[in-house]
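Below is one structure, written out as structure tokens; comments come after it.
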Amino acid sequence: MSIYVGNLSYDATDEDLKTVFAEYGTVKSVKLPTDRETGRVRGFGFVEMSAEAEETAAIDALDGAEWMGRDLRVNKAKPRQ
DNA sequence: GTTGAGCGTT
């Protein structure tokens, strides 16, 4: 299971995200897809944690929360096709 | 601007 994180600041980095989610559990991986043409983050990302309970806690705590001036959109990610 | 990539044999 992974977590989708949307409405991110375009200044946010994977380390920033990891730091935030690490408060709710062990972050296994963080991904911030970048636009191939601009080389910049697209404004959303993915986080994987070691336990589903941790992911749920992080989603519950961070969805709708303000971070770097933006209201985060956090929920369970769709399976990548 | 709202659901990734991996590209080479883990």
Side-chain angles (χ1 to χ4, degrees):
Chain A
M1 179 61 71
S2 55
I3 307 171
Y4 165 81
V5 187
N7 201 38
L8 288 172
S9 165
Y10 299 117
D11 290 325
T13 67
D14 56 346
E15 290 187 10
D16 292 326
L17 255 194
K18 183 175 182 178
T19 299
V20 173
F21 279 79
E23 296 182 24
Y24 303 95
T26 301
V27 177
K28 291 177 60 178
S29 67
V30 176
K31 291 180 182 298
L32 282 181
T34 56
D35 188 300
R36 190 180 70 91
E37 311 211 345
T38 66
R40 302 192 178 186
V41 296
R42 297 169 61 191
F44 66 92
F46 295 91
V47 177
E48 291 185 30
M49 302 188 72
S50 60
E52 186 171 340
E54 296 175 346
E55 300 188 331
T56 303
I59 291 170
D60 185 60
L62 299 173
D63 184 35
E66 184 182 307
W67 188 60
M68 295 184 86
R70 289 168 176 271
D71 291 323
L72 295 179
R73 297 302 168 214
V74 187
N75 55 265
K76 291 186 183 301
K78 293 179 178 180
R80 189 172 54 83
Q81 278 183 290

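Convention: sequence-line order gives letters A, B, ...; per-chain numbering from 1.
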(message) I'd like to check A:F46 versus A:S29 (side-chain heavy atoms, cut-off strictly below 4.5 Å). Are they in contact?
(response) no
(request) Identify whether any heavy atom of A:T34 sits under 4.0 Å from a base atom; if not, whether one sits that close to sugar-phosphate; answer base, sugar-phosphate or nothing. (result) nothing
(request) Find out whether A:V74 and A:I59 are in side-chain contact, i.e. whether some heavy atom of one side chain is under 4.5 Å from a heavy atom of the other. (result) yes
(request) Taking all heavy atoms of A:P33 and all of A:G45, pick out the closest pair and write down the distance. (result) CD-CA, 4.1 Å
Tabulate protein N/O versus nucleotide N/O from nucleotides 1-3 of chain B, keeping only pairs under 3.5 Å, one per line.
unit_1 : atom_1 : unit_2 : atom_2 : d
B:dG1  : N9     : A:Y10  : OH     : 2.7
B:dG1  : N7     : A:Y10  : OH     : 2.3
B:dT2  : O4'    : A:Y4   : OH     : 3.1
B:dT2  : O2     : A:Y4   : OH     : 2.9
B:dT3  : O2     : A:K78  : N      : 2.9
B:dT3  : O4     : A:N75  : OD1    : 3.4
B:dT3  : O4     : A:N75  : ND2    : 2.8

(request) State yes or no: do A:V47 and A:Y4 share one hydrophobic cluster built from I, L, V, M, F, W and Y residues joined by side-chain heavy-atom distances below 4.5 Å, directly or via other members? (result) no
(request) For nucleotides B:dT10 and B:dG6, find the distance between their C1' atoms and express it as a whole number of Å. (result) 11 Å
(request) Determine which pairs satisfy side-chain hydrogen bond (donor to acceptor under 3.5 Å, both in side chains) with at least one residue from residues 35-64 of chain A, sequence neighbours left out, and list them in order. (result) A:S50-A:E54
Grab the N/O contacts between the protein and nucleotides 7-10 of chain B below 3.5 Å, and write none if there aren't any.
none

If you look only at distance, which donor and acceptor atoms sit under 3.5 Å apart when one is on a side chain in residues 8-28 of chain A and the other is two or more places apart or in another chain?
unit_1 : atom_1 : unit_2 : atom_2 : d
A:S9   : OG     : A:D11  : N      : 3.1
A:T13  : OG1    : A:E15  : N      : 3.3
A:T13  : OG1    : A:D16  : N      : 3.2
A:T13  : OG1    : A:D16  : OD2    : 3.1
A:D16  : OD2    : A:T13  : N      : 2.9
A:T19  : OG1    : A:E15  : O      : 2.8

(request) Could you state whether A:I3 and A:L72 fall into the same hydrophobic cluster, counting links through intermediate Ile, Leu, Val, Met, Phe, Trp or Tyr residues with side-chain heavy atoms under 4.5 angstrom apart? (result) yes
(message) Using the rule that Ile, Leu, Val, Met, Phe, Trp and Tyr join whenever any side-chain heavy atoms are under 4.5 Å apart, tell me whether A:M68 and A:L32 fall into a single cluster.
(response) yes
(message) Without decimals, in angstroms, what is the distance between A:E48 CD and B:dA5 P?
(response) 14 Å
